[in-house]
Amino acid sequence: MTAQPSTLPLVFDAPRRTPTPRHLADLDPAQRRAEVGALGLPGFRADQLARHYFGRLTADLDAMTDLPAGAREKLGELLPPLVVPVLEQACDDGTTRKTLWKGHDGARAESVLMGYPDRATVCISSQAGCGMACPFCATGQGGLQRNLSTAEIVEQVRQAAAAARDGALGAPARLSNVVFMGMGEPLANYKRVVAAVRRITEPTPDGLGISARGVTVSTVGLVPAIDKLAAEGLPVTLAVSLHTPDDELRDTLVPVNNRWKVAEVLDATRRYAQATGRRVSIEYALIRDVNDHPWRAELLAKLLRQRVGAKRVHVNLIPLNPTPGSEWDASPRPVQDEFVRIVRDAGVACTVRDTRGREIAAACGQLAAQV
């Protein structure tokens with residue numbers, strides 16, 4: 001089967017939109033104290049507000065009873081309602097919950113909260129839509145509306161953490177993992193995503209206190225941004241959406257490959273792994289008769305060994321999830337198993353991702369922010 005190219009252009013710079021209201025989560029601790037001072041309040045009120053927001057996971061001013069009523073009213077300026085849930089859906093016996101969020105300007109994005117026996121994970125969006133135009137991804141085929149602000153990203157995590165704590169997945173759970181694998185190309189919204197990662201990983205009350213090792217940032221392969229992230233001092237996991245090891249097919253499946261070829265992406269992957277000491281995840285959506293051939297499995301393993309190092313990578317196979325209007329579907333199980341065997345036999349770790357949320361269009365590549 002021949003892969004059909006995307007009809008959409010690549011978009012790296014998001015359209016300009018109405019500025020998102022300033023929020024506590026946009027600010028570092030020093031900036032918070034300065035903002036609170038500008039409101040005519042002592043700086044320690046910023047620390048109190050942060051303890052409620054990041055530590056107790058609440059933005060309800062009425063619940064902040066250690067703050068005087070007059071102070072609460074003023075501090076409300078730093079907690080505008082940025083993302084409001086429009087629709088919530090659940091499947092997998094309640095252990096997968098998708099939320100459709102509406103921004104202050106009507107822009108929409110989605111996040112997915114997932115419960116496992118040993119952890120709770122939220123998959124969050126960094127943009128409303130996506131400009132990378134991958135033809136097998138519903139988000140990419142919807143185009144890019146705008147970047148999400150730092151606080152809009154953090155709010156998805158805070159509300160997911162509160163929901164998990166309050167038993168939304170069944171039993172109360174602590175949110176331990178955050179994956180930037182929802183809508184958008186995180187490294188195309190670099191400054192805000194990195195600031196959000198800092199808010200997510202900083203200890204409370206400065207941030208949400210989630211371990212950086214529990215945070216994964218995905219990319220289709222924006223090489224300069226991968227190198228920039230490697231220098232940030234943030235030991236997060238990098239997930240590279242490769243999807244095929246050969247440039248001819250990847251030019252079509254992942255259009256950004258027309259700018260940075262497979263070899264360049266894998267070299268940046270090696271540099272990231274060396275700088276951070278973190279093993280990189282190679283994401284690979286298996287598509288029937290498109291990228292699931294044994295020779296591609298062999299080439300994938302060969303290139304990973306040569307350009308990255310077998311011990312520095314882990315291949316994460318994703319059975320293709322159906323999207324509206326697509327003629328492609330997942331590879332048959334025997335083909336999938338053979339692909340896994342070839343990669344493993346070549347000395348590269350390879351597993352198949354547990355597919356969650358298909359019933360509610362919450363699985364990888366299905367997010368489209370539709371009611």
Side-chain angles (χ1 to χ4, degrees), residues 3-15 17 83 86-87 89 96-103 106-114 121-149 152-153 156 178-190 192-193 196 216-222 225 239-243 250 252-257 283-287 316 318-330 353 355-371:
Q4 296 300 312
S6 173
T7 57
L8 295 174
L10 275 170
V11 179
F12 292 94
D13 298 319
R17 302 293 187 190
V83 292
V86 174
L87 179 67
Q89 298 170 280
T96 301
R97 303 183 65 86
K98 181 173 79 168
T99 301
L100 171 64
W101 305 99
K102 183 172 74 172
R108 300 191 176 200
E110 291 179 316
S111 64
V112 184
L113 177 62
M114 295 163 283
T121 297
V122 65
C123 176
I124 60 171
S125 295
S126 56
Q127 297 178 309
C130 182
M132 296 298 101
C134 299
F136 58 91
C137 175
T139 312
Q141 287 304 294
L144 176 62
Q145 287 183 269
R146 67 169 175 86
N147 286 326
L148 298 186
S149 71
E152 287 176 313
I153 297 169
Q156 295 173 65
V178 178
V179 295
F180 284 76
M181 292 183 173
M183 302 177 69
E185 163 54 52
L187 298 189
N189 188 16
Y190 185 89
R192 298 170 188 86
V193 164
T216 298
V217 176
S218 69
T219 180
V220 292
L222 278 61
V240 177
S241 297
L242 197 68
H243 302 308
R250 196 168 191 266
T252 298
L253 285 184
V254 187
V256 78
N257 201 71
E283 308 292 300
Y284 197 111
L286 270 183
I287 309 172
N316 192 11
I318 308 162
L320 184 73
N321 293 300
T323 56
S326 175
E327 297 179 358
W328 294 337
D329 60 4
R353 179 185 292 176
T355 300
R356 299 281 293 269
R358 278 188 175 184
E359 297 171 38
I360 54 174
C364 182
Q366 292 187 315
L367 300 185
Q370 297 177 344
V371 176

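Only a predicted model underlies this, so the values are computations on that prediction, with no experimental measurement involved. The chain is numbered in sequence order, starting from 1.
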- T219 OG1 to E283 CD distance, which is reported to the nearest 0.5 Å: 11.0 Å

- Using modelled atom types only, decide if a donor and an acceptor are shared between the side chain of Q156 and the backbone of S125 within a distance under 3.5 Å. yes

- Item | Residues forming a side-chain hydrogen bond (donor to acceptor under 3.5 Å, both in side chains) with S126, sequence neighbours excluded | none

- Message: Within this structure, what is the CD1-OG1 distance for the pair I124 and T216, rounded to the nearest 0.5 Å?
- Response: 10.5 Å

- Any chance you could lay out the side chain to side chain contact (heavy atoms under 4.5 Å, CB included) test for F136 and H243, step after step, and finish with the verdict? CA-CA 11 Å; F136 58 91; H243 302 308; 3.4 Å; yes

- Query: Which residues pass the ring-ring contact (aromatic ring centres under 6.0 Å, His included) test with Y284, sequence neighbours left out?
  - Reply: F339

- Message: Has R250 got a side-chain atom pairing as donor or acceptor with L242's backbone, closer than 3.5 angstrom?
- Response: yes

- Item | CA sep, side-chain torsions, deciding dist, call: C130, M183, side chain to side chain contact (heavy atoms under 4.5 Å, CB included) | CA-CA 6 Å; C130 182; M183 302 177 69; 6.0 Å; no

- With E110, the salt bridge (Lys or Arg N to Asp or Glu O under 4.0 Å) member among K102, K98, R97: K98

- Note on the structure: Rounded to the nearest 0.5 angstrom, the OG1-CD distance for T139 and E185 is 12.0 Å

- Query: Shortest non-hydrogen contact from G182 to C123?
  - Reply: N-SG, 3.3 Å

- Closest heavy-atom pair and its distance - R146, P15: CB-O, 4.3 Å

- Task: With the side chain counted from C-beta on, respond yes when V220 and V240 share a heavy-atom pair under 4.5 Å apart, and no when they do not.
- Result: no

- Task: Evaluate the criterion side chain to side chain contact (heavy atoms under 4.5 Å, CB included) for residue pair V256 and L222; output intermediate values, then yes/no.
- Result: CA-CA 8 Å; V256 78; L222 278 61; 4.2 Å; yes

- Might you work through the side chain to side chain contact (heavy atoms under 4.5 Å, CB included) test for V112 and T96, ending with a clear yes or no? CA-CA 7 Å; V112 184; T96 301; 3.7 Å; yes

- Item | Minimal non-hydrogen separation, F180 against P186, with atom names | O-CG, 3.6 Å

- Short side-chain donor-acceptor distance under 3.5 Å, N189 and Q127: no

- Message: So, taking the atom named CE in M132 and the one named CZ in F12, what distance separates them when rounded to the nearest 0.5 Å?
- Response: 4.5 Å

- Message: Nearest 0.5 angstrom please: C137 SG to L320 CG, how far?
- Response: 10.0 Å

- Got L87 and T99 here, is their nearest side-chain heavy-atom distance under 4.5 Å? no

- Message: For a 4.5 angstrom cut-off between non-hydrogen side-chain atoms, does I153 reach V193?
- Response: yes

- Answer yes or no: is there a side-chain heavy-atom contact under 4.5 Å between T121 and V179? yes

- Query: Okay, side chain of R17, backbone of N147: is any donor-acceptor separation there less than 3.5 Å?
  - Reply: no

- Task: Hey, could you give me the CG/CZ distance between L286 and R353, rounded to the nearest 0.5 Å?
- Result: 12.0 Å

